[in-house]
Amino acid sequence: MNNLFTLLLLPLLTSVILAFIKEQRPAKYVALLLALLNFAATLPFLCLFQADASIQFQQQFDWITALNIRLHIGLDGISLPFVLLTNMLIPLIICTSYRRAVRPGMYALMSFMQVGLLLVFMSLDAFSFYVGWEAALIPIYFICALWGDGDRIRIHLKFFVYTFFGSLLMLLAIIYLGQQAGSYEWSTLKSLNLTAMEQAYIFWAFFIAFAIKIPIFPFHTWQPATYTHAPTTGTMLLAGIMLKMGIFGLVRWLLPLTPHAVHQYGSWVLILAIIGIVYASIIAIKQQDIKRLIAYSSIAHVGLIVAGIFSGSPQGLQGALLQMFNHGVSVVGLFFIMEILSTQLQTRNIQDFGGIATRAPRLAIVFLIILMGAIGLPLTNGFIGEFLLLIGVYKQGVWYAAFAGLTLIFGAVYMLRLYQKTMLGTLAPGASDFQDIKGMDFITLLLISAIVIFLGIFPGSLLQLSEAAVNQLLVDLSTVKSLY
Amino acid sequence: MAAIITLSLLAILVLYLGLYKAQKFLLPVSLIGLATAIGFLVRDWQLQAEPAYSGMILFDHFAIAFAILCIAVTAVLLLLIKGYFDDLSHHLAEYYSLLLFSLTGAILVTAYHNFALLFMGIEIMSVALYILVGIRKKDFASNEAALKYFIMGAFSTGFLLFGITLIYGASGSFDLAAIRDYVALGQLPMMFYGGVLLLIVGLLFKVGAAPFHFWTADVYEGAPILITAYMSTVVKIASFAALLRLFSYCFIPVSEFWTPLFLVISGLTLVIGNLSALVQVSFKRMLAYSSISHAGYLLFALVGSQDVAANSLFMYVTAYAVATVVAFGVLIIVKRTTGSDHFEAFNGLSKKNPLMSLLLTVAMLSLAGIPLTAGFIGKFMMFSSLMSGTHIALLVVAIINAAIGICYYLRVVIAMYFKPVENEQVFQVGINYYLVFIILGVVTLLLGIFPNSLLQLI
């Protein structure tokens, strides 16, 4: 079972099977079962993985020989956390929909999206990377536009066109690289000798594609509306996994392919990321809609991750990988709690909540744990991640770190405000018959908070996977630096 | 050559079948005839290609591939006649016969090796179409379309003929090989360049590239849907094959003269086609403008790198034709049921007819160039060939337009999936329609995932 193609074929098969199940209940069971199977199939790779810088479990076959394209996949310390996150979050997200009415078609789309995501994370070939990148976009667009609310058609079309435009820029860069190298292999493209000018163009083409996906300020304008008006399952997929495609793209493709341009423009990106952190945090503080609040908080969090990636230090990069994992887990938890709250009170306005902790103590506790993780309190996962990221940014400059560090303060402000306004204070009139979480909802949230605490105490379990690969990447980068 | 004779005889035979009221035999006989023609062409594939009949015609791999594509698309369209034209008229044989005559012209256009034959091919192809466009005799729009098409077509033929004359005046020959040798010598007179310009104008009229596109939307909208489908696929395929053969075979030594021209026209066509398609309320008219914008992408084959041009063009037109036929096929059903060809007519289609909606969605994604569909490989090839020609400015225009394209291709998807059902009309879809949709849907996905065989064809 250690053929990496199983990880791609399983979800593909799942989505085909699910496409034919029309009833809601069996679809749920089958979806959860197959998603768990998929997660279980990931575990052997995790166990057999050697924590060094090599790319392991490589598989390939000739795909389009006319264009010299091979479907080439493999795992290394950088991609493994992403694959793990994807296959872990999909069953969790299915669990969150367990007690809710969800159309069976959504699970089929979700599994198809999983194929695209895994292809993105595992491919060592730029063409297959692009194919996966787009293949993930179609199902999430359908999920959002089919089951979203509000002005869903216009908002999600904007999202689609925006990201598609970014992808096309990336496609141009990939075509250019492919023609220069005569192949789309990652390793070949990496060893290509590009002039500073070429690197600059390719850097920006890739960067804009990734920046739209993540999103990095000022390419974030699609994000709050899309997150808010998507069905919560869709929002979890978008924030939990989809945006990681952009982060992964930065680490896997942008840094190694255009090292010179990264040295040249890295600080600009750093500044953009930090502006994004401050800007999104301030907006988050003023938000009344709790879904929008979490959406903006997500921009702030990923801003710090991007800043860490462009800090060019091992701590920054390691922190980025750890924090992207944490962010995925926390944001799914937060959106789920938001969903529980808003479905029971039929509102998302923060002013209409209050005092729910008295009615729902279990919810209050798991909410607090997940929230602490999002803020970055010691012994939760967010702490180590943000700590490493800030060390990384600090190495670039004190002022960068000073402004990026504002995220800790702002984060505490808007997150605690969220908690206080919803859980504490006097009981809101609409919340008098609030039902505490139970059954599958409770188990799901318990699992999420367990991961939050586990990674807070044993961050090394994740960090040791990527350490060697990150160091190798930085060595590659610095040798290039000395060349110029 | 046997293929052309087969097709001509077939068209006459079908006419006689109509005379003796043998309507049942029209479709089987036509399909058998088309299959025979394809068979002859496939047989010719291995033969050493040489210009035949004093250099009039050349069935090389290029011509055979495009000819087979034209015949196959026509065969698929003939399958759709049942359930469309038999409602409109009793003179069914006319449609078959005229379509087959037009197809014969299209084959000549793909395989010409002499300007005389190019001219004849275009005329045979067009004259049959003038009639077909106006075949709904009592319909005002159809008559308008026929008149417009005829006048514009006559004009463009005039330009073409004048261009051929000027080139003849300069080179002293109609033969492509002779003209090629003449061009290679250099020292060309002004008259020759004038001839090339007029040829470009004439041919671009036929493919509907800006700024010669004004007839397209009205004619496509006024013509019967099936004829529109034929015009926007077969006629386009043949005309582009003619363009590419002429420019990459004959005029390549003077490419610095015409490349800038095509760059500008291509960019213009993309922008005009896309922006106009964006504001349409009618699905049919949107498809008309989208076909203009695809003409823009197809022109990339001329200005891009020439070693992959033929294969890129073939891949692109195949993907485009397959998706377009599905789109028009679904439109036929929707129009027949709801009486409207606006986007609103598609509202809630996915709930009534999930399979058809899914296949139309695949077709739309293919037209938009999303990976895993044939359209993406086509776009990828076109962008690649343009990239190796280092026309970055046009590439940027192209990707902006591709992003705009998404908006209008998704409009029908949005209508089908995200809008509520408005009326309870039942869509009756004939088995022949399902057959065509499923086959073409599978072809779209197969070519999108395993395009290898097609990319090395020519």
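Letters go in sequence order (proteins before strands), and every chain restarts at 1. Remember, it's a predicted structure, so these values are computed and weren't measured experimentally.
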Ring-ring centroid check [X] [Y], cutoff 6.0 Å:
| X | Y | value |
| --- | --- | --- |
| B:Tyr417 | A:Tyr141 | no |
| B:His294 | B:Tyr316 | yes |
| A:Tyr130 | A:Phe127 | no |
| A:Trp204 | A:Phe207 | yes |

Checklist entry - Backbone N or O of A:Ala261 within a donor-acceptor pair of the A:Gln199 side chain at under 3.5 Å? => result yes
Checklist entry - Does A:Trp186 use its side chain to pair, donor to acceptor, with the backbone of A:His72 at less than 3.5 Å? => result no
Next on the checklist: Tell me whether the rings of A:Phe248 and A:Phe82 are parallel (<30°), tilted (30 to 60°) or perpendicular (>60°).
Outcome noted: perpendicular
Which portion of [X] sits near chain B, non-hydrogen atoms under 4.5 angstrom:
| X | answer |
| --- | --- |
| A:Tyr201 | neither |
| A:Leu146 | both |
| A:Trp63 | both |
| A:Tyr162 | neither |
| A:Ile64 | both |
| A:Phe165 | both |
| A:Ile174 | neither |

Item to check | Heavy-atom proximity to chain A below 4.5 Å, by part of B:Val413 | outcome: side chain
Item to check | B:Ile399, part contacting chain A, at a heavy-atom distance under 4.5 Å | outcome: both
Item to check | Gap separating the CZ atom of A:Arg70 from the OH atom of A:Tyr184, nearest 0.5 angstrom | outcome: 13.5 Å
Item to check | A:Thr65-A:Asp62 side chain donor-acceptor pair, cut-off 3.5 Å | outcome: no
Next on the checklist: Under a 3.5 Å cutoff, is there a donor and acceptor pairing between the side chains of A:Ser97 and A:Tyr107?
Outcome noted: yes
Checklist entry - What residue, out of B:Ser388, B:Pro451, B:Gly405, B:Ser350, has the most heavy-atom pairs lying under 4.5 Å from chain A? => result B:Ser388
Checklist outcome for this item: Pair count under 4.5 Å, heavy atoms only, with chain A: among B:Cys407, B:Ala403, B:Ser453, highest is B:Ala403
Checklist entry - Does atom CZ of A:Phe61 have more than 12 heavy-atom neighbours, drawn from other residues, nucleotides or ligands, at distances under 6.0 Å? => result yes
Checklist entry - With respect to chain B, which residue among A:Arg152, A:Lys158, A:His156 yields the maximal number of heavy-atom pairs within a distance under 4.5 Å? => result A:Arg152
Next on the checklist: Is the shortest side-chain heavy-atom distance between B:Ser357 and B:Phe346 below 4.5 Å?
Outcome noted: no
Next on the checklist: At under 4.5 Å between heavy atoms, what parts of residues 360-378 of chain B are in contact with chain A? List them by residue number.
Outcome noted: B:Thr361, B:Leu365, B:Ala368, B:Gly369, B:Ile370, B:Pro371, B:Leu372, B:Phe376, B:Ile377
